[in-house]
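This report concerns only the one structure given below.
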Amino acid sequence: MRFSKLFGKTLRQTPSEAEGTSHQLLLRAGMIAQEAAGIYSFLPLGWRVLRKIENIIREEMDRVGGQELSLPVLQPIELWLKSGRYASFGKSLFTLTDRKEHVLALGPTHEEVITELVHKYVQSYRDLPLLLYQIQTKLRDEPRPRGGLLRVREFIMKDLYSFDVDEAGLDESYQKMIQAYKNIYARLELPVMMVEADSGAIGGKESHEFMVITESGEDEIVYCSNCGYAANIEKAQSAKTFVPSRSPEQSEGEALNLEAKDLLPVKEVATPGAQTIEEVANFLGISPCQTLKAIFYSADAEFIFIVIRGDLEVNETKLKNVLKRNELRLASENEVREKGLVAGFASPIGVTLALKIVADNSITIGSNFVAGANKPGYHLKNVNYPRDFQVALLTDIALAKSGDNCPKCTGKLSSTHGIEAGHVFKLGTFLSEKFGAFFLDGNGTPKPIVMGCYGIGLGRLLAAIVEQSHDNKGIIWPLSVAPYQVYLCPLHLDNPEVSSAAEKVYQELQKRGIEVLFDDRNDSPGVKFNDADLLGIPLRLTLSPRTLQSRSMEAKWRTKKEAQLLPLGDATIEISRLLNTLQIKG
RNA sequence: CGGGGUGUGGCGCAGCGGCUAGCGCGCAUGGUUUGGGACCAUGAGGUCGGUGGUUCAAAUCCACUCACCCCGACCA
């Protein structure tokens, strides 16, 4: 490709709309262009990269026996009502109405369609297992697109769906896909961390995400460097520390030495002005972990009373899951007041049974807690569950955080940020049951197909590579996905010797099947070198009167500081050899 | 949806009641240049996001509205 003919210009100044690194570099390099919030065009350079990523993914899917197909973007809304995910996807589902007033969804994903399809064609265990995939545009009306390609409303995604006869088969498919994903990231030279994940609106039980670790990532990850436990914060657990019972009494000078099982009688204590956990703890001279915190949510319009130990925070994803609700938000002050509760002094003790109380299991780790008295200016001490109050649900709804104890070993948890670069789910049978996707086993018994699904967003992957691999000059593409392998950069193009030598090298490289971007512009060296660096093409070849004097050209890798001189005679052979060894290594 | 910000040639910005709306980059033409974003000359390109209002006069003030960005909510 001749640079002078290339559609899309490099920009010297970063468009002001771009904040994140990958967004800025991709815009400046002329790889993408924004059309609307979260909607992008891929220009020729960006599109080449995307297609290379796509091919790598396709090869790895085919390698494990995946069969590619194409599924519709326009999907009858009935499919979504049938699966029950119309509600869980909520406003993220784009819909439209056709001329017959029939409502259609613009596919945000394709589990419904594929399950319906498989239902039609699979009747026997002999048809299973099955791995089907598609690489297509998906649409989601994200509440807030951001970060360039990292979170968009229209995106190309590879989705593979696995169909097995039983859990064991699903496990096998799941492991296969995890390996395929690892192969993909390796070929993209993208280091990832595999973490336990929440399955969100997709539904299902077990789920893992592949995270590209970077501070700019929007997901938070909690991990243990001792045993390797790693999970998305939404899912992460921690071992809650036991809290010795004591302080409110001691703070009054009573030298008590209590066992956890020694429950003291509830006593009211004045705590004027102390509303937050911190204020109460300070006032009483105790630590926050010896208090109980009351928090109020509205879950699909139902009022929920949460009790959790004072040192912990509520994990809203966990809460949403245990409640099996779609919409969760903090209750407003009015809603709290209407229920007869006193914010800042609310108590689970004595609240009407009509209120649903959900508690974190941390309230059983410790005893004689301080809780609100449900009366302004007062708290209760020596509150104990279940002696003093009942709950509808007692489970883990706490947010894990850095510094907590690892749930799997004796180590401590750390936290970091990452970009979700792939997500695998064990769906189980809930979709196949809803769609009647059953097969007959060897005994002639109908059974629901056991499903899994495995997604990778291509644009997100592309952006993640840039986030991960760049310097202050620009992008550094791995050879496997670079838009071109070689940047041919002649200087003094008005010099006939240079131009004819460059043309010759250009032709020869192309003959060898090497992808070359030929900078045939008559610009100054600085312009060309800077564009070469910005575009991030792995190998730069410079030809100039100077190098021609020694019958050579200069070769410089984007990743290296130093350049080397290659004799002109067999330079293209040498380059082809270098690229091949690298390609194999990659 | 809540909070904040920004809309002026392709990109980055200035102008914030007064005359013909400027600057840098980029673009075009000619010339001189060329190893890390060269220089000179000439030139093209803008209904100042939109609508309505105030005024002798609006890019500039007011109201509404739209779009985009950031934080939060939310979200594979």
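Residue numbering restarts at 1 for every chain, and letters A, B, ... go by the order of the sequence lines. Scope of the values below: all heavy atoms of this structure, side chains included, with no hydrogens, waters or symmetry mates.
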Determine: side-chain N/O of [X] to OP1/OP2 of [N], distance under 4.0 Å, yes or no.
| X | N | result |
| --- | --- | --- |
| S92(A) | C75(B) | no |
| Q34(A) | C69(B) | yes |
| S524(A) | A38(B) | yes |
| R12(A) | C11(B) | no |

Does the base of [N] carry an N or O that pairs as donor and acceptor with the side chain of [X] under 3.5 Å?
| X | N | value |
| --- | --- | --- |
| S544(A) | G35(B) | yes |
| R28(A) | G12(B) | no |
| R521(A) | G37(B) | no |
| R151(A) | C75(B) | yes |

Report summary line: Between CG of L548(A) and C1' of U34(B) the distance, given in whole Å, is 15 Å
Taking any heavy-atom pair under 4.0 Å as a contact, classify [X]: base, sugar-phosphate, or nothing.
| X | answer |
| --- | --- |
| G147(A) | sugar-phosphate |
| R540(A) | base |
| L27(A) | nothing |
| R146(A) | base |
| T14(A) | sugar-phosphate |

Query raised in the report: Which residue, G457(A) or N530(A), contacts RNA chain B at a nucleotide closer to its 5' end, judged by nearest heavy atom?
Result: N530(A)
Query raised in the report: If each of H23(A) and P15(A) is mapped to the nucleotide of RNA chain B with the nearest heavy atom, which maps nearer the 5' terminus, i.e. the 5' end?
Result: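 By nearest-heavy-atom nucleotide position, the 5'-most residue is P15(A).
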Query raised in the report: Can the ring centroids of F425(A) and H423(A) be said to lie less than 6.0 angstrom from one another?
Result: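 Yes, ring centres under 6.0 Å apart.
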**Report entry** Lys/Arg N to Asp/Glu carboxylate O, K82(A) vs E112(A), below 4.0 Å
**Finding:** no
Query raised in the report: Of all the nucleotides listed (G36(B), G72(B), C68(B)), which has the minimum atom distance to the side chain of A37(A)?
Result: C68(B)
Requested in this report: Would you indicate which nucleotide in C75(B), U34(B), G24(B) comes nearest to any side-chain atom of Q13(A)?
Outcome: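 Between C75(B), U34(B), G24(B), the one nearest the side chain of Q13(A) would be G24(B).
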Query raised in the report: Regarding R521(A) and the six-membered ring of F3(A), is the cationic atom NZ or CZ under 6.0 Å from the ring centre and inside 45° of its axis?
Result: yes
Query raised in the report: Checking R460(A) against F155(A): charged group under 6.0 Å from the ring centre and within 45 degrees of the axis?
Result: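 Here R460(A) fails the 6.0 Å and 45° test against F155(A).
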